[in-house]
Amino acid sequence: MGENQPAQRREAAARPVEAGVTTGSLARRLGVSPTTLRSWDRRYGVGPAVRSDGRHRRWTPQDVAMLEEMCRLTSAGVPPAQAARTAQEGAGRNRPGPELPGGGDRPGGHRSQAAGALPLGDVRQECRGLARAAVRLDAPTVGDQLASLVARYGVVLAWDEVMVPTLHAVGRKWESSGDRYVEVEHLLSWHISRALHRATEPVAPEGTRAAAGPVVLACVPGEQHSLALEALHAGLVELGLPTRMFGAAVPTEALTAAVRRLGPKAVLLWAQTRSTADLPLARHVADTRWGVKGARGHPAVLLGGPGWAGRPVRGMLRPPGLRDALGTLLALYDPPVPVTRS
């Protein structure tokens, strides 16, 4: 047995390298594809510091920490080349990564799946970071970024300039790639909904505006798309306006009962598709009355969503976006003071 001890020691010394994480295992841990890791290695030099014999890469704990940092930075919107340099410096590496012809992050250059899988176009840096995290199915990072966006910029800017462009990019990618990325859309939508719900907590006292009645938000019967309505609800709460959210596919009878019981200042009906946009329902809501004889009230009716496009209704407003809808509803409670001229 003593004759085998030197060989055993040599085998033990080699074991840490051989026992490193495989590319497939690391890809699953980071939420990226093995192809992306190989591409990052070729383009930015963020491969294993020590390579074992044979074709298989083995990633040490230091390599893993470096790539986790790179993923964190790209999720924050940092361009991949810059993220790679920063991660390498943090890991004590100074060698620059190799560049492919056409440039790493310049328009027209080759992009990895994680870094440029979605057709985003000219958008905010936060939008790119959110997209990268969503494509990796990195739920904790997606949730943290959305919460930070709402806290820092408010509901309107976060929705208009980050959430919506990212959702549209996922949708375009899904349409052009044969049902791929459906899981990305579902994960992103759920976390956006969660962030918007959190933006309504805690609900501030509604104050004197509550006496005028709340804003009722409801999707028309058969309409399941309620995410934009959730954004409007969060925006109304942010403004301190009283609101009641009823969500997706509200039956006609339930909507009518809610209007009569609440006496709302306004009702916004959401229709994502033309097939669900129900003009007779909108007229019915507008004609609904409550209160005692001689002092009966009725709501202002707003039509929200692309389903109402090209279908104007007299006496009903159709705000084109979240900011316009909030401005219109705020004006119902706080009408602008007319300017008197001397």
Side-chain angles (χ1 to χ4, degrees), residues 31-32 70-83 86 105 107 111-177 181-201 217 225-239 245 270 272 304-306 319-327 329-330:
V32 301
M70 180 168 177
C71 287
R72 186 191 68 80
L73 291 168
T74 58
S75 295
V78 178
Q82 180 182 341
T86 303
D105 292 320
R111 292 178 179 269
S112 68
Q113 282 294 100
L118 302 182
L120 287 164
D122 185 15
V123 294
R124 296 176 65 97
Q125 179 173 313
E126 294 93 341
C127 190
R128 296 188 182 281
L130 180 62
R132 292 183 183 115
V135 168
R136 292 201 310 271
L137 303 182
D138 185 352
T141 300
V142 170
D144 289 345
Q145 288 197 10
L146 289 169
S148 176
L149 283 167
V150 173
R152 183 175 182 182
Y153 299 117
V155 171
V156 176
L157 190 148
W159 172 259
D160 283 343
E161 299 192 19
V162 182
M163 296 177 185
V164 170
T166 308
L167 283 168
H168 286 173
V170 173
R172 289 193 297 270
K173 191 67 176 179
W174 171 69
E175 291 174 354
S176 64
S177 59
Y181 293 91
V182 174
E183 71 282 6
V184 177
E185 183 177 20
H186 279 258
L187 181 135
L188 181 60
S189 297
W190 187 88
H191 279 280
I192 288 176
S193 176
R194 186 166 178 253
L196 294 171
H197 280 222
R198 284 183 167 182
T200 65
E201 301 171 357
L217 305 176
H225 296 84
S226 62
L227 199 56
L229 208 59
E230 293 172 27
L232 179 56
H233 177 242
L236 289 169
V237 171
E238 195 172 66
L239 290 174
M245 172 66 161
W270 183 268
Q272 184 73 19
L322 176 60
R323 193 180 301 272
D324 298 281
L326 290 171
L329 291 168
L330 182 61

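In this text, all values refer to a predicted model and were calculated from it rather than measured experimentally. Count residues from 1 along the sequence.
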Kindly indicate whether the side chain of [X], heavy atoms from C-beta on, has any atom under 4.5 Å from the side chain of [Y].
| X | Y | answer |
| --- | --- | --- |
| Arg128 | Val162 | no |
| Trp159 | Leu227 | yes |
| Glu183 | Leu137 | yes |
| Asp160 | Val156 | yes |

Between Arg136 and Cys71, does the side chain to side chain contact (heavy atoms under 4.5 Å, CB included) criterion hold? Intermediate values first, please.
CA-CA 9 Å; Arg136 292 201 310 271; Cys71 287; 3.9 Å; yes
Without swapping roles, check the side chain of [X] against the backbone of [Y] for a donor-acceptor pair under 3.5 Å.
| X | Y | answer |
| --- | --- | --- |
| Glu185 | Gly171 | no |
| Ser148 | Asp144 | no |
| Thr200 | His197 | yes |

Could you walk me through whether Glu126 and Leu149 pass the side chain to side chain contact (heavy atoms under 4.5 Å, CB included) check?
CA-CA 8 Å; Glu126 294 93 341; Leu149 283 167; 3.8 Å; yes
Is there a side chain to side chain contact (heavy atoms under 4.5 Å, CB included) between Leu236 and Leu217? Walk through the geometry before answering.
CA-CA 10 Å; Leu236 289 169; Leu217 305 176; 3.9 Å; yes
To the nearest 0.5 Å, how far apart are [atom1] in [X] and [atom2] in [Y]?
| X | Y | atom1 | atom2 | answer |
| --- | --- | --- | --- | --- |
| Leu232 | Arg323 | CG | CZ | 13.0 Å |
| Leu330 | Leu326 | CG | CG | 8.0 Å |
| Arg152 | Leu157 | CZ | CG | 10.5 Å |

Could you give me the CA-CA distance, side-chain angles and deciding distance for Leu130 and Gln125, then say whether side chain to side chain contact (heavy atoms under 4.5 Å, CB included) is met?
CA-CA 9 Å; Leu130 180 62; Gln125 179 173 313; over 6 Å; no
If I compare all heavy atoms of [X] with all of [Y], which pair ends up nearest, and what's the gap?
| X | Y | result |
| --- | --- | --- |
| Glu161 | Cys127 | O-CB, 4.3 Å |
| Leu167 | Ser189 | CD2-OG, 3.6 Å |
| Ala199 | Val150 | CB-CG1, 3.9 Å |
| Ala139 | Leu187 | CB-CD1, 4.1 Å |
| Ala134 | Val142 | N-CG2, 3.7 Å |

Pick out which of Leu146, Val155, Leu188 makes a side-chain contact (heavy atoms from CB on, under 4.5 Å) with Met163.
Leu146
